[in-house]
Amino acid sequence: EIHISHSLRQQLRKDDYEVTINQAFDKVIRQCSEVDGRNKHVGAWLGKDIINAYTELHRLGFASSVEVWQKDAHGETSLAGGLYGVTIGKNFFGESMFSLIPGGSKIALVALARLMRDSGGLIDCQFETPHLKSMGGRIIDYDEYLTYLQEDK
């Protein structure tokens with residue numbers, strides 16, 4: 001049910017980025033912790049211990065990342081956006097996302113939604129934010145949520 005705005009649709013048509021899956025999990029989770037100084041706040045949840053735990057989950061095949069790489073004029077790429085979360089069966093439980101360019105995290109979310117479209121899985125974003133609402137995110141009731149989870153057995 002992802003909504004792709006006109007401006008995002010135009011950005012997706014450009015050939016100045018590349019999307020990969022699970023190619024730079026460590027970089028994505030660390031960038032998520034550093035963006036906007038999130039890791040500097042007292043009580044920041046995405047500190048060293050959590051990063052280590054999710055990195056181990058990734059090593060075991062339970063956590064995944066989507067990376068957006070921006071190409072420069074010379075064809076070199078640098079990490080520009082991404083997201084990570086836990087994958088259980090056909091469902092993805094998003095933990096955090098970041099963007100170093102306008103739309104970088106949106107490109108990652110669109111890529112994830114396209115990958116998951118055929119599986120019928122759920123992308124659990126955990127929180128309702130204006131950013132996610134603008135992309136079609138919606139709150140579902142508990143019974144509908146359980147239906148998604150039970151279908152995955």
- Kindly compute the distance separating CZ (R114) from CG (L109), expressed to the nearest 0.5 Å. 11.0 Å
- Item | Check: S105 and F98 side chains under 4.5 Å, non-hydrogen atoms | no
- How long is the span from the CZ atom in F62 to the OH atom in Y54, to the nearest 0.5 Å? 13.0 Å
- Query: Just wondering, do N91 and L149 contact through their side chains at under 4.5 Å, heavy atoms?
  - Reply: yes
- Query: Please, which pairs that meet salt bridge (Lys or Arg N to Asp or Glu O under 4.0 Å) have at least one residue in residues 52-62, sequence neighbours excluded?
  - Reply: E56-R59
- Message: Side-chain heavy atoms nearer than 4.5 Å, only ILVMFWY residues, links allowed to pass through others: does that put M116 and M97 together?
- Response: yes
- Hydrophobic cluster membership, V19 vs I101, 4.5 Å side-chain cutoff: no
- Are the side chain of Y17 and the backbone of L12 linked by a donor-acceptor contact shorter than 3.5 Å? yes
- Roughly how far apart are K27 NZ and W69 CH2, rounded to 0.5 Å? 4.5 Å
List the atom pairs, with distances to 0.1 Å, where a side-chain N or O of residues 70-79 and a protein N or O form a donor-acceptor pair under 3.5 Å, not counting sequence neighbours.
from: D72; atom 1: OD1; to: H74; atom 2: N; distance (Å): 2.8
from: D72; atom 1: OD1; to: G75; atom 2: N; distance (Å): 3.0
from: D72; atom 1: OD1; to: E76; atom 2: N; distance (Å): 2.9

- Task: With rounding to the nearest 0.5 Å, note down the distance linking CG in L112 to CD1 in I107.
- Result: 14.0 Å
- Query: With a 4.5 Å limit on heavy-atom distance, are the side chains of D26 and I51 in contact?
  - Reply: no
- Which distance, rounded to the nearest 0.5 Å, do you find between the CG of L57 and the OG1 of T87? 10.5 Å
- Minimum-distance pair of heavy atoms, taken over all atoms of S99 and G104: OG-N, 3.0 Å
- Message: With heavy-atom distances below 4.5 Å as the criterion, would you say the side chains of V66 and V28 are in contact?
- Response: no
- Is it true that a side-chain atom of E67 and a backbone atom of N22 form a donor plus acceptor pair closer than 3.5 Å? yes
- Task: Classify the angle between the aromatic ring planes of H58 and F25 as parallel (below 30°), tilted (30 to 60°) or perpendicular (above 60°).
- Result: parallel
- Would you sort out whether V68 and L100 count as a side chain to side chain contact (heavy atoms under 4.5 Å, CB included), showing the intermediate values? CA-CA 10 Å; V68 177; L100 299 177; over 6 Å; no
- Task: Using modelled atom types only, decide if a donor and an acceptor are shared between the side chain of Q23 and the backbone of I21 within a distance under 3.5 Å.
- Result: yes
- Distance col, row D16:CG vs Q11:CD, nearest 0.5 angstrom, shows 7.5 Å
- Message: With a 4.5 Å cut-off on side-chain heavy-atom distances among I, L, V, M, F, W and Y, is there a chain of contacts connecting I50 to L60?
- Response: yes
